[in-house]
Amino acid sequence: MVNTTDSTQVSDNIKAENLDLQFIGNQRLKAACIHLDEITRSLFDLLSAPKRTISVCFPVEMDDGSVQIFKGYRSLHNDVLGAGKGGIRYHPDVNMEEVQFLASLMTWKCALIDIPFGGAKGGVSCDTKKMSQREIRALTRRFISELADNIGPHTDIPAPDLYTNEQTMAWIYDTYQIMHPGINNRPVVTGKPLSMGGSEGRREATGQGILYATQQFLSKDLIPKLSSVSGARVAIQGFGNVGAVVANLFQEAGAIIVAISDSSGGIYSPDGIDLKMAIAHKSEHDSVVGLMETLTITNEDLLEVECDILVPSALSNQIHKENASRIQALLIVEAANGPISPEADVLLCKKGITVLPDILVNAGGVTVSYYEWVQNIENEHWELALVNGKMKHKMHRAVNTVVQRWQTLNNEGKVSVDMRTAAIVVAIERLAKVTIQRGIWP
Ligand code: NAD
């Protein structure tokens, strides 16, 4: 089914490609700039660097009485359209370059989906799998207190991301509230539990938005032999907040989920995986690996299985120069942020594999975060149907706009343009318009 390549050879070849995220961000910005007018292009320097990045180093007392030092970051890339918005991730690989790159993606995403937020991102380098809940709570409280007034309901608003969840957001709110008593601080963070101002549909929003965007795109009949999610064979890398919801919603929409994975590895079943059993297996064994009547595969294998739709929903740079040519999917839906490298983008385009880019397809999460923020400011609580109806409308409109722009750019014909570039072009034009309307201060 899958040709497993020697892992040393893979890592040597990966070295040949520059996977530095700051470099990747600037390359993509440059690719979009070719299609922008001169005034918009002149904003390149402003958009290629973050407005500010906070770096903090802080101690946490561990359960065994020892003290560990952690490094955390929060980057505000751009706030021309509104307060910074973006997740906080807890992962051993978190570093300043990654956070800055992800913050810039949030700027493009908010502009593209048309919500009044700028781009931000944060994270702490840590391994939550080796930490107790009390240690994670202590780390969260200390990190938020170190960030101090660099976050706030109208300046920079965090949300969940890799290895953070509703509980983390509840601790963030509580810490900020203790630091700023006497005012409505609920809008300081989104993705909170429903009982403390979270929005209906927020937990599922990213996956729900991915389904809406994929269905809307496929309804345009642009991919031969793939015009619907129903009946499509789908492989999903990552089975967390985003990946598990995508798996369930795509299956409910008629897709056959042939492969899923988590950090321990993946499972494959050509007839379709029983997701209820996979979830039960994961909660008992901490991984989907080992589920009865499935074949165990690696995360690298998962990307290369025969399927119609591949949904990377875990880490950055998973599809790169080395493995891109072995991808068999007809469509890649970027649920994760930055899962495809620039050289892989080129190879996939040459192979005729379409990519629905992260800043378009996973924007449902930040859109419902925006609705949560509005509800918190108004002290309101909206019904799920209202939240999803509004989000669906925004996802459809964004898909239509990007596809239209993609077609126009390709009809102009000088070079072949992928959908990611078209999406960044739309986002930057919106940002540039407001930057110029507001005027450079003073
Ligand atoms: P999560 O922590 O809930 O889940 C991450 C999943 O990835 C887990 O199943 C984990 O086991 C798996 N994983 C970790 N390391 C892996 C590896 N090396 N190979 C394969 N799988 C691995 O995180 P999440 O919130 O689902 O976020 C996943 C991705 O989606 C991230 O890129 C994030 O930035 C992006 N995203 C999240 C949201 C959101 O609302 N949570 C919104 C937009 C984009």
Side-chain angles (χ1 to χ4, degrees), residues 7 21 85-94 98-99 101-103 105-106 108-110 112-113 119-123 126-129 136 158-169 189-192 198-199 201-210 213 235-248 259-267 278-279 281-283 285-289 297-303 310-319 323 333-340 356-370 372 391 395:
S7 61
L21 290 171
K85 189 83 191 81
I88 286 187
R89 59 171 54 181
Y90 290 166
H91 192 273
D93 293 344
V94 165
E98 180 186 66
V99 163
F101 167 75
L102 294 168
L105 290 191
M106 290 305 296
W108 318 143
K109 198 180 295 182
C110 293
L112 183 61
I113 203 68
K121 203 76 174 193
C126 62
D127 189 350
T128 53
K129 286 185 182 167
I136 300 171
D161 198 83
L162 267 178
Y163 294 104
T164 57
N165 53 28
E166 285 182 356
Q167 178 59 74
T168 328
M169 302 306 115
V189 63
T190 59
K192 299 180 292 292
S199 177
R202 174 60 187 90
R203 204 183 68 76
E204 299 81 11
T206 306
Q208 184 67 68
I210 287 166
I236 303 166
Q237 186 195 53
F239 202 63
N241 284 339
V242 177
V245 172
V246 166
N248 274 311
I260 56 174
S261 72
D262 54 37
S263 57
S264 305
I267 54 175
I279 290 164
H281 188 88
K282 186 165 170 70
S283 70
H285 303 278
D286 221 21
S287 172
V288 294
V289 175
I297 56 174
T298 65
N299 262 302
E300 291 74 31
D301 290 341
L302 180 135
L303 299 169
L310 174 63
V311 192
S313 314
L315 309 177
S316 306
N317 283 333
Q318 295 297 296
I319 302 173
N323 62 2
V333 173
E334 288 189 320
N337 286 311
I340 302 180
L356 285 182
D358 44 13
I359 59 168
L360 171 65
V361 83
N362 74 28
V366 73
T367 303
V368 175
S369 271
Y370 166 57
E372 179 174 331
M391 191 255 280
M395 295 304 296

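We count ligands from 1, going down the list as the structure has it; atoms in each ligand are counted the same way.
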Side chains of Asn362 and Asn337, donor plus acceptor under 3.5 Å: yes
Arg202 and Thr190 side chains, donor-acceptor separation under 3.5 Å: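 The answer is no; no qualifying pair exists.
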Min N/O separation [X] to ligand 1 under 3.5 Å:
X      : value
Tyr163 : yes
Gly365 : no
Gln318 : no
Thr164 : no
Lys129 : no
Gly243 : no
Lys282 : no

Mark up the atoms of ligand 1 that fall under 4.0 Å of a heavy atom belonging to [X], in ascending order.
X      : value
Asp262 : 9 (O), 11 (O), 20 (C), 21 (N), 22 (C)
Arg202 : 40 (O)
Gly240 : 3 (O), 4 (O), 6 (C), 8 (C), 9 (O), 26 (O)
Arg89  : 31 (C), 32 (O), 33 (C), 34 (O)
Asp161 : 25 (O), 33 (C), 34 (O)

Asp93, CG: over 12 other non-hydrogen atoms inside 6.0 angstrom: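 Above 12, so yes.
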Hey, what do you get for [atom1] ([X]) to [atom2] ([Y]), rounding to the nearest 0.5 Å?
X      : Y      : atom1 : atom2 : answer
Phe239 : Ser263 : CZ    : OG    : 13.0 Å
His285 : Ser264 : NE2   : OG    : 12.0 Å
Met169 : Thr164 : CE    : OG1   : 4.0 Å
Asn317 : Leu21  : CG    : CG    : 5.5 Å
Asp301 : Ile267 : CG    : CD1   : 13.5 Å
Lys121 : Lys85  : NZ    : NZ    : 9.5 Å

Whether Ala314 lies under 4.0 Å from ligand 1, heavy atom: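 Yes, Ala314 has heavy atoms under 4.0 Å from ligand 1.
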Proximity flag His91 to ligand 1, non-hydrogen atoms under 4.0 Å: no
Presence of salt bridge, Glu372 and Lys192, under 4.0 angstrom: yes
side-chain contact (heavy atoms from CB on, under 4.5 Å) evaluation trace for Glu300 with Asn323: CA-CA 8 Å; Glu300 291 74 31; Asn323 62 2; 5.8 Å; no
side-chain contact (heavy atoms from CB on, under 4.5 Å) assessment of Val311 paired with Gln237: CA-CA 6 Å; Val311 192; Gln237 186 195 53; over 6 Å; no
Of the side chain and backbone of [X], name the one, both, or neither that has a heavy atom under 4.0 Å from an atom of ligand 1.
X      : value
Asn299 : side chain
Leu102 : neither
Ser313 : backbone
Ser316 : neither

Could you tell me the residue and atom name of the protein heavy atom closest to [atom], and the distance to it rounded to 0.1 Å?
atom                    : value
atom 9 (O) of ligand 1  : Phe239 N, 2.9 Å
atom 3 (O) of ligand 1  : Asn241 N, 2.8 Å
atom 12 (C) of ligand 1 : Ser263 N, 3.9 Å
atom 5 (C) of ligand 1  : Leu162 CD2, 3.5 Å

Measuring from [atom], which candidate in [options] has the nearest non-hydrogen atom?
atom                    : options                        : value
atom 42 (C) of ligand 1 : Ile210, Leu105, Thr206         : Thr206
atom 37 (C) of ligand 1 : Val242, Asn362, Thr298, Thr128 : Val242
atom 44 (C) of ligand 1 : Asn337, Asp358, Leu315         : Asn337

CA sep, side-chain torsions, deciding dist, call: Leu112, Cys110, side-chain contact (heavy atoms from CB on, under 4.5 Å): CA-CA 5 Å; Leu112 183 61; Cys110 293; over 6 Å; no
Chi angles and distances behind the side-chain contact (heavy atoms from CB on, under 4.5 Å) call for Asp262, Asn299: CA-CA 8 Å; Asp262 54 37; Asn299 262 302; 5.9 Å; no
Residue pair Asn165, Thr168: steps toward the side chain to side chain donor-acceptor pair (under 3.5 Å) verdict: CA-CA 5 Å; Asn165 53 28; Thr168 328; 3.0 Å; yes
